[in-house]
Amino acid sequence: MDDRVQELARRFKHVLDEVARGREAAEVELERQQAEARAARHKLLSELADFGEAVGHIEVTRAEDRVALRRDERELVFSAEGVADRVVVQLLPHSQTEGAPPIHIYRHPDAAMRWVLSVGEGRAAAAELLFDSGLIHLLTEGLGLPAPMPALRAPQPALDDLVPDKG
C-alpha cells in the first residue's frame with residue numbers, strides 16, 4: 001500500500017478508536033448513573049414503606065420495586081418505572097378511571113436532585129417537592145387522610161442576639 005494511503009488509514013483508525021473509547025466511556029458512565037438512580041429509587045420506596053408503618057392506621061405492602069399504602073378502600077401504589085429513578089404512582093380506584101392524569105415521582109436536577117411529585121404530562125404537569133407538600137397532597141387526596149398540622153418552627157431569635165457585641 002502506498003505510504004500516503006497507509007498514513008490516511010492510520011489517521012482514520014486513530015480517530016475511530018478515539019470515538020469507540022469515548023462511546024464505551026459514555027456507556028459505562030450512563031450505567032453508573034442509572035445504577036445510582038435505581039439505588040436512590042429503592043431507598044425511596046423503602047422510606048415510603050417505613051413512613052406508612054410509622055404513621056400507623058395504614059396497611060403497608062412491600063414488594064421488590066413496589067410499595068402499596070392502603071386505607072379502607074383507597075390505595076396508593078408506588079412502582080418502579082424504567083431503568084433509573086422514576087416511580088409511577090397509582091391512586092386506586094381513582095387511577096383506573098379514564099382521563100386520570102399520570103402521577104410520577106422522580107429526582108429533579110433543578111431541585112438539587114430532590115424528589116419531586118409530578119401530576120399531569122409535559123408542560124401542563126404540576127410539580128411539587130415530595131417531602132415538602134407532595135406526600136401530604138398524595139395522602140390527603142389519595143387515601144383521604146386528614147391533613148396534619150404544620151410543623152412547629154423554632155422561634156426566630158431577637159435581632160440583637162444575632163448581632164455580635166462591639167465592646
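Hydrogens, waters and symmetry mates play no part in the numbers below; they use all other heavy atoms, side chains included.
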[X] [atom1] to [Y] [atom2] distance, which is reported to the nearest 0.5 Å:
X: Arg41; Y: Leu44; atom1: CZ; atom2: CG; value: 10.0 Å
X: Gln34; Y: Glu29; atom1: CD; atom2: CD; value: 10.5 Å
X: Arg32; Y: Glu27; atom1: CZ; atom2: CD; value: 15.0 Å

Please report, to 0.1 Å, the donor-acceptor pairs under 3.5 Å made by any side chain of residues 67-83, with sequence neighbours excluded.
unit_1: Glu81; atom_1: OE1; unit_2: Arg86; atom_2: NE; d: 3.2
unit_1: Glu81; atom_1: OE1; unit_2: His104; atom_2: NE2; d: 3.2

Output all residues satisfying salt bridge (Lys or Arg N to Asp or Glu O under 4.0 Å) with Asp65, sequence neighbours left out; order by chain, then residue number.
none
Residue pairs passing the ring-ring contact (aromatic ring centres under 6.0 Å, His included) test where at least one lies in residues 106-126, sequence neighbours excluded:
Tyr106-His108
Could you tell me which non-hydrogen atom of [X] sits nearest to which non-hydrogen atom of [Y], and how far apart they are?
X: Pro102; Y: Glu121; result: CG-CG, 3.1 Å
X: Val116; Y: Ala111; result: CG2-CB, 4.4 Å
X: Ile58; Y: Gly52; result: CB-O, 4.1 Å
X: Ala125; Y: Ser118; result: CB-OG, 3.6 Å

In one Ile/Leu/Val/Met/Phe/Trp/Tyr side-chain cluster, 4.5 Å: Leu139, Val55
yes
With a 4.5 Å cut-off on side-chain heavy-atom distances among I, L, V, M, F, W and Y, is there a chain of contacts connecting Leu48 to Val60?
yes
Hey, mind stepping through Arg4 and Glu7 against salt bridge (charged side-chain N to carboxylate O under 4.0 Å, His left out) and telling me if it holds?
CA-CA 5 Å; Arg4 291 180 310 178; Glu7 174 59 20; over 6 Å; no
What donor-acceptor contacts under 3.5 angstrom involve side-chain atoms of residues 13-21, with partners at least two apart or in another chain?
unit_1: Lys13; atom_1: NZ; unit_2: Asp17; atom_2: OD2; d: 2.8
unit_1: Glu18; atom_1: OE2; unit_2: Arg21; atom_2: NH2; d: 2.3

Do Leu91 and Leu138 have side chains that get closer than 4.5 Å, going by heavy atoms?
yes
Name the atoms and distances for all side-chain donor-acceptor pairs under 3.5 Å in residues 130-137, with sequence neighbours left out.
unit_1: Asp132; atom_1: OD2; unit_2: Arg114; atom_2: NH2; d: 3.2
unit_1: Ser133; atom_1: OG; unit_2: Glu128; atom_2: OE1; d: 2.8
unit_1: His137; atom_1: ND1; unit_2: Glu128; atom_2: OE2; d: 2.6

So, Arg62 and Asp50, do they make that salt bridge, N to O below 4.0 Å?
yes
Connected to Phe12, directly or through other members, by ILVMFWY side-chain contacts below 4.5 Å are Leu8
